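What follows is a short report on a single structure.
The shown structure was predicted, so the numbers you read here are calculated from the model rather than taken from an experiment. Proteins get letters first, then strands, A, B, ... in listed order; numbering begins at 1 in each.
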Protein chains: 2
Amino acid sequence: MENPGHDPIYRLLLDGPPRSAREIETHVGLSRVTAGQRIKALARAGLIAEGDSLASGGGRPARTWRINPHHRNLIGIDVGEQMARVTLFSLGLDVLDEALLEIDLRADPARTLEALAACAERLATGDRASAPVAGLGIALPAPIDYRQGRVAKPSVMYGWEELDLRALLRSRLKMPVALDNDVNLMCLAEQRLHWPETRHFVFIKAGTGIGCGMITDGQLLRGAFGTSGDIGHIQHSPEPHRLCRCGKQGCIEAHAAGWALARDLQAQGNDCRDAREVMQLYVRGAPECRALVNASSRIIGTVAADLVAMLNPAALVIGGTLSGAGEAMLAGIRERVYQRCLPLATERLQIGSARGGERLGVQGAAILARAQMGAPS
Amino acid sequence: MENPGHDPIYRLLLDGPPRSAREIETHVGLSRVTAGQRIKALARAGLIAEGDSLASGGGRPARTWRINPHHRNLIGIDVGEQMARVTLFSLGLDVLDEALLEIDLRADPARTLEALAACAERLATGDRASAPVAGLGIALPAPIDYRQGRVAKPSVMYGWEELDLRALLRSRLKMPVALDNDVNLMCLAEQRLHWPETRHFVFIKAGTGIGCGMITDGQLLRGAFGTSGDIGHIQHSPEPHRLCRCGKQGCIEAHAAGWALARDLQAQGNDCRDAREVMQLYVRGAPECRALVNASSRIIGTVAADLVAMLNPAALVIGGTLSGAGEAMLAGIRERVYQRCLPLATERLQIGSARGGERLGVQGAAILARAQMGAPS
DNA sequence: ATACTTTTGTAAATAACTTATCATAAGTGG
DNA sequence: CCACTTATGATAAGTTATTTACAAAAGTAT
């Protein structure tokens, strides 16, 4: 059992729920005898362990198998605009250790990258490290060329496009590295951890900016050049249009994103610089802030309605800082979705707030790294 | 070689381009020796045949293998609002025989279904039938519950939801049957036949109604309940809103679809009842028609821009009757897409008209049936 | 408790696949 | 023509998986 990541049974259990031997057989396409033998081998090697038994259907109940969460660790990194979170996980995604780094995306990328790598190294070898690290995932606030493992250009991360991020980190840290866009990874974590049965899933992140992740048939949808889910600059905002930070007019971000709400609140004399402070004002009950959030939710709702019409997901989940407004944010979205979409698309659609919290990014990064354990790189 | 559909090599070649032995090995994960043996066995059985040789890269050129197009036939059915097309294909999708049926979707579904089945049976056993029929695919103008193999309710096909279409046809015709939405299947055919290298693909059908099909990573995106691609009732049309046939206001269909253009042209005194007649007027150069088509193309362009922003396809293709307007239809779409989407999403995006013609529906149906040959039903 | 169902374990014979090696075929570039 | 490269074919030995058959375990229904 040199590299368990190559074993199809182990891989199946890595990225999915616990399964019975019978399910494993059908999924990996092995006969009952062979599957049973290999399950036993994996169990003897300590890579997998017994899970709960399933309910009996008139016969002996099937027992399930799951990965041994303590066999390896994972590292997730979530790079934000001013801060990066670096988390050491067990394979079962328990948080073992964590560090927050202040970073500046406009500073020298190589230096920032080295700071992240050094931090990951500290966690990997620190007191809380219970096992070798099997892989590292990074969530970045930029479009990602997923196959190349680097930031797609042009992006907001000036200078980062030049770096072969995956290769650099892999040689620096001696472990497999996987990259993806932060919203994609938040979507992945929310779906895998909180909506495991939902195979058609849309996650809208409403924070400083607005973006979305989409899962169809259980697979993250990445698009041809890594820009899928870039819904912040869709142009359907109400008149009068306002200037967006992308230079165009009419983008929904310019009316509904955290930065735009902060801008408007500042113009009204509030001390409010970013999405987080918008939510603070909101919680304190500032009426002008509530009005803005309500308007924002309806604008986001128009795009949500488009997403539902196009993709026909089974669940639509709102995350990001602004989703802290809870039902208020959902109300506008529900209003627009139910108003604008056909009943067939909405009657079985679930709409809700993200159940995951501020760790969704690192969790998604770790899930990605876990899914790629042992994959050819 | 009882059922060749179970052979992974045969299946690979069924739904893909000709491949060299080397490519086949890697795709199906067999060693060179075994793959070679099985390729030879398939060739001896007449299921596959040699294709062209690839260009040499300094050594002996690799020869490719492709399916034997004459080993089996396929039937595709494209059900429209007033007409159904039933086509007998070879496995290589050459047209062997064809029939057009007048139908009425509002009539008794069982009777219509029987007419289709009888027609399929005639073609399957007729003079032009060169081989046994391996499967039948049907394109229907309704949302399809793909896993159940029936029309999802509620739909425009009143009464059809009650029928277990797949089971009925399978037992009636004694062959595997696959169903899908017509736009999905047009999308599939256009991509597989005319854009085989493009794995992220969006197809907009602008005819009597407006809908789209989406392919990501080479897979048709069907959504949770079969309504994906239902973009006709997205609400972004310009003021003043007009009443849509769905009962809402502001749907793009009510401004940009064939039925809406016909309605407007009629109101202006033209004799114009459907999308086809709109195109006839257009070709004759009627100025009021040209103006309407231009406006329509820009409205479709707004939705196209949303699709591009969300899905980041590598190609966006316009089909359906209205795409007969050619560059005029493309112009408005290009205008909106380039105006509204970020450069990263558009700089490598191809926008064009469908290369396939009026047989796209039946071709897609046949491709679907072919892909499912031997699959568990 | 008894009959029934479904899951799991084991062993032996058979079938399939892989690895390794050698030989041959059919191109390219000089 | 010759050296070099890549593709293909054939064979043997060794490994792994499948099939078949029997038995036991652990539940449910009556």
Side-chain angles (χ1 to χ4, degrees), chain A residues 1-14 16-68 374-376, chain B residues 1-14 16-68 374-376:
Chain A
M1 204 58 60
E2 293 250 322
N3 185 342
H6 291 309
D7 186 292
I9 296 179
Y10 190 66
R11 302 213 55 168
L12 176 71
L13 295 177
L14 263 185
R19 291 180 196 276
S20 71
R22 181 72 48 133
E23 289 174 303
I24 291 172
E25 286 162 42
T26 60
H27 271 89
V28 303
L30 291 170
S31 70
R32 186 174 71 83
V33 175
T34 336
Q37 283 172 351
R38 291 178 45 171
I39 289 170
K40 215 166 51 176
L42 286 168
R44 259 201 307 267
L47 296 179
I48 64 175
E50 280 190 42
D52 299 329
S53 284
L54 297 177
S56 160
R60 174 174 173 171
R63 90 181 118 189
T64 62
W65 297 93
R66 54 178 177 76
I67 50 171
N68 172 2
Chain B
M1 203 62 58
E2 293 254 326
N3 185 340
H6 292 309
D7 186 293
I9 296 179
Y10 190 67
R11 302 214 54 168
L12 177 71
L13 295 176
L14 261 186
R19 291 179 196 277
S20 70
R22 183 71 49 126
E23 289 173 305
I24 292 173
E25 285 163 42
T26 59
H27 270 90
V28 302
L30 291 170
S31 72
R32 188 170 71 84
V33 174
T34 343
Q37 283 172 351
R38 290 173 53 167
I39 288 169
K40 216 165 49 178
L42 286 168
R44 259 201 306 266
L47 297 178
I48 64 175
E50 279 190 42
D52 299 329
S53 284
L54 298 177
S56 160
R60 173 175 174 171
R63 92 182 116 193
T64 62
W65 296 94
R66 54 180 176 74
I67 49 172
N68 172 2

Point-to-point distance, once rounded to the nearest 0.5 Å, from [atom1] of [X] to [atom2] of [Y]:
| X | Y | atom1 | atom2 | answer |
| --- | --- | --- | --- | --- |
| A:Arg38 | A:Leu30 | CZ | CG | 5.0 Å |
| B:Leu42 | B:Ile67 | CG | CD1 | 11.5 Å |
| A:Glu25 | A:Ile39 | CD | CD1 | 7.0 Å |
| A:Leu54 | A:Glu23 | CG | CD | 6.5 Å |
| A:His27 | A:Arg22 | NE2 | CZ | 14.0 Å |

To the nearest Å, give me how far apart [atom1] ([X]) and [atom2] ([N]) are.
| X | N | atom1 | atom2 | result |
| --- | --- | --- | --- | --- |
| A:Arg19 | C:dT7 | CZ | P | 16 Å |
| A:Arg22 | C:dT8 | CZ | C1' | 9 Å |
| A:Glu23 | C:dT6 | CD | P | 16 Å |
| B:Ile39 | D:dA10 | CD1 | P | 13 Å |
| B:Glu50 | D:dA7 | CD | P | 16 Å |
| B:Ile9 | C:dA16 | CD1 | C1' | 13 Å |

Side chains of A:Ile24 and A:Leu13, heavy atoms from C-beta outward: is any pair under 4.5 Å?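 Yes, close enough: below the 4.5 Å cut-off.
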Under 3.5 Å between N/O atoms: give me all the protein pairs with nucleotides 15-17 of chain D, atom names plus distance.
| from | atom 1 | to | atom 2 | distance (Å) |
| --- | --- | --- | --- | --- |
| D:dA17 | OP1 | A:Arg38 | NH1 | 2.3 |

Return a single string for nucleotides 21-30 of chain D, one symbol per nucleotide in 5' to 3' order, where B is base contact, S is sugar-phosphate-only contact and - is none, cutoff 4.0 angstrom on heavy atoms. B---BBBS--
Taking only residues at least two apart or on different chains, which pairs with a member in residues 43-55 of chain B satisfy side chain to side chain donor-acceptor pair (under 3.5 Å)?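 Counting only pairs at least two positions apart or across chains, the side chain to side chain donor-acceptor pair (under 3.5 Å) contacts touching residues 43-55 of chain B are B:Glu50-B:Arg63.
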So which atom in A:Trp65 and which in A:Ala21 form the shortest heavy-atom distance, rounded to 0.1 Å?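 Between these two residues, the closest heavy atoms are CD1-N, 4.2 Å.
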Just N and O in the side chain of A:Lys40: are any of them under 4.0 Å from OP1 or OP2 of C:dT8?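 For A:Lys40, the contact criterion (side-chain N or O under 4.0 Å from OP1 or OP2 of C:dT8) is not met.
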